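Notes to accompany the following structure.
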Protein chains: 2
Amino acid sequence: MPRKVDHESRRRALAEAVCALAAERGAEAVTLRDVAARAGVSMGAVQRAFATRDDMLVFALEHVGERVMTRVRAKRVRPGHGSPLATLANELALLNKARRAEAAVWLAFVAQAAFTPRLSKVLRGSYRELLGAIATALDAEEALALLALADGLTLHVLVGQLTPARAKKILDAHLSRLADEREQSSTTV
Amino acid sequence: MPRKVDHESRRRALAEAVCALAAERGAEAVTLRDVAARAGVSMGAVQRAFATRDDMLVFALEHVGERVMTRVRAKRVRPGHGSPLATLANELALLNKARRAEAAVWLAFVAQAAFTPRLSKVLRGSYRELLGAIATALDAEEALALLALADGLTLHVLVGQLTPARAKKILDAHLSRLADEREQSSTTV
DNA sequence: GTTGTTCCGATGCATCCGCATCGTATCAAC
DNA sequence: GTTGATACGATGCGGATGCATCGGAACAAC
């Protein structure tokens, strides 16, 4: 009976606006009015889509998490293959210049999550899934180390401490070291 | 002629208050009033010490940077010694539970720095000095990787994705791998 | 075309923010 | 004790924010 509006896609569109703003100014600085303006709707529409600002941020974080995971799944690691792992790792580190915006979003949310349990819970869910994808090719501890290194590199790139190229070089060095070790252990045993 | 007040120590005391609040709620959420209240002075005193809120944050970041570097310098790495390097790395990763607060401050500022050039400049200065300390024992690229890994681990601990113990284990594994490689290359060459 | 329901733009409100201002307290110099 | 400079607590202001409210627009059902 009512006017039909696809709630879910509306929320996704708003989440995109949230991400764009978070990448520019950080998650904390995202306001309802700005989101509305960026998405080209009024504040009322935003308020209808999300009961509260916190809900909006949580949804946006889940949204980016799903997007990243979709990409990762598309390049799912096959055990024993070094190359797909490298591809995946580069995906994770978000080092391509094109993905710098997404990396900024990621940092904005991680930073906020450290002080907001609701967000950190969402984030841990994403990480768990990500680790699952990596762990098919590596043991758990190696996977955790790889993830931490990728995140650390991303962070240094965002702060301007590292160029993307240099970060990629470091990441590749780590990966080839892993590959060497696996080869060595498989031949010696 | 005037009433004497040690400006520098006053600012340091305020910086401590800033850090305490940043560790609890993030750097963005630090307000002048809260800082004044936490430090037990009035807003006027805070305003006298710092011309602007941004100045206050920058000073606070410099303050923690100096504190960390003081600790690091005390455990300065000696070339060829594996153990001091391990000590240093553990110092860096801020993994001790006692230093969790400091790690939170660090993240709060790093997150803010990604969107605030003034802060990122200060941060890069600290990182540069830190790298100099590590690079006496490692080549530049290994040092960068170690720093990134340490930061990534700290981050995952703060988000609750990793326990401090597990992070330390991963860091130690990385360090021993580095030590192995150095030994290997020095014996084979 | 009327009705019923959903959607949403506009507006109001209480709160909090950073910053400016001002009057008073404090203390050294003379 | 007077003077002069500094420190600082109190207060005000303009602006922004999250959230609540409300009236009308849009549209399906009949």
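Lettering follows sequence order; numbering is per chain, from 1. Computed from a predicted structure; not experimentally measured.
- Distance CG (A:Leu14) to C1' (C:dG9): 14 Å, rounded to an integer number of Å.
- For A:Asp55, the side chain to side chain donor-acceptor pair (under 3.5 Å) partners at least two apart in sequence or on another chain are A:Arg118.
- The salt bridge (charged side-chain N to carboxylate O under 4.0 Å, His left out) analysis of residues 30-50 of chain B, with sequence neighbours excluded, yields the pairs B:Glu24-B:Arg38, B:Arg25-B:Asp34.
- Taking a cutoff of 4.0 Å between a charged side-chain nitrogen and a carboxylate oxygen, A:Arg12 and A:Glu66 do not qualify as a salt bridge.
- Of the residues in residues 15-24 of chain A, none lies under 4.0 Å from DNA chain D by heavy-atom distance.
- Among D:dA7, C:dG9, C:dC7, the nucleotide with an atom closest to any side-chain atom of A:Ala45 is C:dG9.
- Computed from coordinates, the A:Arg48 CZ to C:dA10 P distance equals 16 Å when rounded to whole Å.
- Every residue was checked against the side chain to side chain donor-acceptor pair (under 3.5 Å) condition with A:Arg53, not counting sequence neighbours, and none meets it.
- The ring-ring contact (aromatic ring centres under 6.0 Å, His included) test applied to B:Phe59 returns B:Phe50, not counting sequence neighbours.
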| remark: Nucleotide by nucleotide, nucleotides 11-18 of chain D touches protein heavy atoms under 4.0 Å in the pattern (B base, S sugar-phosphate only, - none) ------BB

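- Legend: residues meeting side chain to side chain donor-acceptor pair (under 3.5 Å) with A:Gln47, ordered by chain and number and at least two apart, are absent.
- Judged as a salt bridge (charged side-chain N to carboxylate O under 4.0 Å, His left out), and not counting sequence neighbours, B:Glu62 has no contacts.
- By the side-chain contact (heavy atoms from CB on, under 4.5 Å) test, A:Ala145 is found to be paired with B:Ile170, residues two or more places apart in sequence or in another chain being considered.
- For B:Phe50 and D:dA7, the CZ to P distance is 14 Å, given to the nearest whole Å.
- Between B:Arg10 and D:dC8 there is a side-chain polar atom (N or O) within less than 4.0 angstrom of OP1 or OP2.
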